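Working notes, beginning with the structure itself.
Proteins come first, then strands; the chains are lettered A, B, ... in the order of their sequence lines, and each starts at number 1. Since we're looking at a predicted model, the values are computed, not measured.
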Number of protein chains: 2
Amino acid sequence: MLSSTVENYLKELFLLDQYGNKEIATGEIAKSLDVTPGSATSMIKTLAQAGLVEHRPHYGVKLTKQGRTLAVHVVRRHRIVELFLVKVLGMDWSKVHEEAEQLEHVVSDEIISRMDDLLGHPSHDPHGDPIPTTDGTLPERPLQLLSFCDRGDSVSIARIGNQNANFLQFAQDNGLLLGARIEVTNRNDIADSMTIHAKGKDVVLGLAAAGRIEVEYA
Amino acid sequence: MLSSTVENYLKELFLLDQYGNKEIATGEIAKSLDVTPGSATSMIKTLAQAGLVEHRPHYGVKLTKQGRTLAVHVVRRHRIVELFLVKVLGMDWSKVHEEAEQLEHVVSDEIISRMDDLLGHPSHDPHGDPIPTTDGTLPERPLQLLSFCDRGDSVSIARIGNQNANFLQFAQDNGLLLGARIEVTNRNDIADSMTIHAKGKDVVLGLAAAGRIEVEYA
DNA sequence: ATTAAACTTTTGACTAATCAAAAAGAATCT
DNA sequence: AGATTCTTTTTGATTAGTCAAAAGTTTAAT
Ligand SMILES: [Mn+2]
Ligand SMILES: [Mn+2]
Ligand SMILES: [Mn+2]
Ligand SMILES: [Mn+2]
């Protein structure tokens with residue numbers, strides 16, 4: 001059995017690079033998990049010892065196949081729990097990430113399986129993130145960053161890549177929900193901002209914020 | 001924030017004496033939590049330091065008002081989660097105790113409140129144990145131990161005071177479910193056993209086992 | 001080729017929780 | 001009262017995870 005701490009490290013390594021291509025720097029994961037670099041180094045050594053990561057000292061760390069499998073399962077639990085909290089318990093999408101952060105470590109396979117059944121084997125979580133299947137595969141969608149859209153583009157929101165509660169609350173308050181049809185009414189690269197028309201309202205977004213929203217033209 | 005370990009100690013102290021009358025022996029809680037007596041002593045000192053228990057060395061330990069309040073909330077979370085798992089996710093009553101043992105430490109007040117709403121503010125958990133309200137009160141029922149019933153008594157099952165999965169599975173297989181109407185068809189104090197007629201079947205129980213089942217005549 | 005900057009690793013210390021075994025206390029029996 | 005038994009507490013050690021600060025590497029800049 002893995003500790004919550006180990007699961008968090010594995011999950012974070014996965015999220016920092018779903019494809020397992022690049023090596024993750026010690027400092028990067030330390031920052032993500034809000035621990036000191038020394039703590040991260042120490043845990044990375046533990047994980048390497050257990051065969052869950054490969055560590056090239058001073059260069060970076062990468063999940064092994066075994067580590068990735070475990071990480072994907074944590075992600076699956078996290079996202080199914082999130083969707084369950086929204087759909088069955090009616091919780092706000094801006095709050096479920098925090099809750100799932102804890103629950104992902106204690107919900108059993110049977111609970112997850114039953115939630116999955118009840119939800120009808122969903123493919124995406126409340127933020128548009130793909131839910132891995134039991135065998136570890138992730139559905140792929142061709143998405144585009146909203147920050148890359150041009151004036152006049154009409155698109156629909158497919159994913160919010162920022163789990164921060166305040167950001168999600170803001171998005172919700174301005175009609176930027178999953179599936180919402182929006183139009184880019186203005187874009188100013190000098191001012192680093194764009195204007196979106198959603199639900200009859202105009203919303204101004206900095207390009208950095210727009211970069212955390214993904215859309216599809218479909 | 002309390003650690004899971006502290007919550008487990010507090011909850012166990014509460015369960016060993018809901019009324020807060022008697023002092024609990026160090027060895028008793030050590031046995032319940034499956035730790036060594038030394039570990040229990042050490043944790044008791046920590047809890048006393050924090051004002052959650054009163055400790056009379058060599059005699060025993062008792063929850064303070066503050067400790068009891070916290071313990072009751074853990075119990076509330078545990079029992080609501082159990083019922084939710086049975087009613088909403090359709091899990092077997094023999095398995096939910098183990099699950100709740102973990103979940104009780106991570107489900108937020110909001111989750112519990114929403115589960116409670118969805119369940120219609122239930123008064124008892126799947127094993128017939130009372131669910132404390134938010135203000136810490138517990139519904140009382142006048143129950144009788146099945147082991148005290150006489151031949152010919154016709155009663156209904158109101159509580160199973162043994163969370164062991166095998167015991168619950170056995171009870172279920174023999175129609176000894178909550179609310180089940182049963183009759184005592186025989187009783188032999190010498191042989192330390194009694195026979196129960198339930199759902200068309202005869203079940204023989206040792207008096208010790210019968211002592212973990214509570215009934216009402218109503 | 002040095003030096004500086006940025007990052008990573010190591011070291012030493014700390015906390016929470018645990019155990020095994022020794023020591024101490026309380027209760028019981030003779 | 002004295003000895004025996006049972007229980008509790010203390011002691012010393014261990015493990016997981018963390019931090020602050022020192023030391024070491026890598027890379028980039030001069
Ligand atoms: Mn987590
Ligand atoms: Mn999510
Ligand atoms: Mn527990
Ligand atoms: Mn129960």
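A donor and an acceptor atom, one from each side chain of B/Glu12 and B/Asn8, are nowhere located under 3.5 Å apart. A donor and an acceptor atom, one from each side chain of A/Gln163 and A/Asp129, are located under 3.5 Å apart. For the residue pair A/His127 and A/His97, no side-chain donor N or O sits within less than 3.5 Å of a side-chain acceptor on the partner. Using a 3.5 Å distance cut-off with no hydrogens or angles, the side chains of B/Arg141 and B/His124 do pair a donor with an acceptor.
Per the geometry, CD belonging to B/Glu23 stands 12 Å off P belonging to D/dT8, to the nearest Å. Atom C1' of nucleotide C/dA16 and atom NZ of B/Lys45 are separated by 15 Å, given to the nearest angstrom.
Looking at residues 47-62 of chain B, you'll see B/His55, B/Pro57, B/His58 sit with a heavy atom under 4.0 Å from some atom of DNA chain D. Residues from residues 24-31 of chain A placing a heavy atom under 4.0 Å of any atom in DNA chain C, listed by number, are A/Ala25, A/Thr26, A/Gly27.
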### Message
Each nucleotide in nucleotides 15-21 of chain D should get exactly one letter: B, S or -. Can you fill that in based on protein heavy atoms under 4.0 Å?
### Response
--SBBS-
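Each of B/Asp125, B/Asp135, B/Asp116 was scored for a salt bridge (charged side-chain N to carboxylate O under 4.0 Å, His left out) with B/Arg76, with one residue passing: B/Asp116.
Residues passing the side-chain contact (heavy atoms from CB on, under 4.5 Å) test with A/Arg212, sequence neighbours excluded: A/Asn162, A/Phe167.
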Residues 27-34 of chain A, side-chain donor-acceptor partners within the protein, below 3.5 Å, at least two apart:
| unit_1 | atom_1 | unit_2 | atom_2 | d |
| --- | --- | --- | --- | --- |
| A/Ser32 | OG | A/Glu28 | O | 3.1 |

Please list every donor-acceptor pair under 3.5 Å in which a side-chain atom of residues 42-56 of chain B meets a protein atom from a residue at least two apart or in another chain.
| unit_1 | atom_1 | unit_2 | atom_2 | d |
| --- | --- | --- | --- | --- |
| B/Thr46 | OG1 | B/Ser42 | O | 3.1 |
| B/Arg56 | NE | B/Glu23 | OE2 | 3.1 |
| B/Arg56 | NH2 | B/Glu23 | OE1 | 3.1 |

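The two residues A/Ile131 and A/Pro139 make their nearest non-hydrogen contact at O-CD, 3.7 Å.
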### Query
Where do A/Lys95 and A/Glu99 land on the salt bridge (Lys or Arg N to Asp or Glu O under 4.0 Å) test, with the steps shown first?
CA-CA 7 Å; A/Lys95 294 183 188 166; A/Glu99 304 273 5; over 6 Å; no
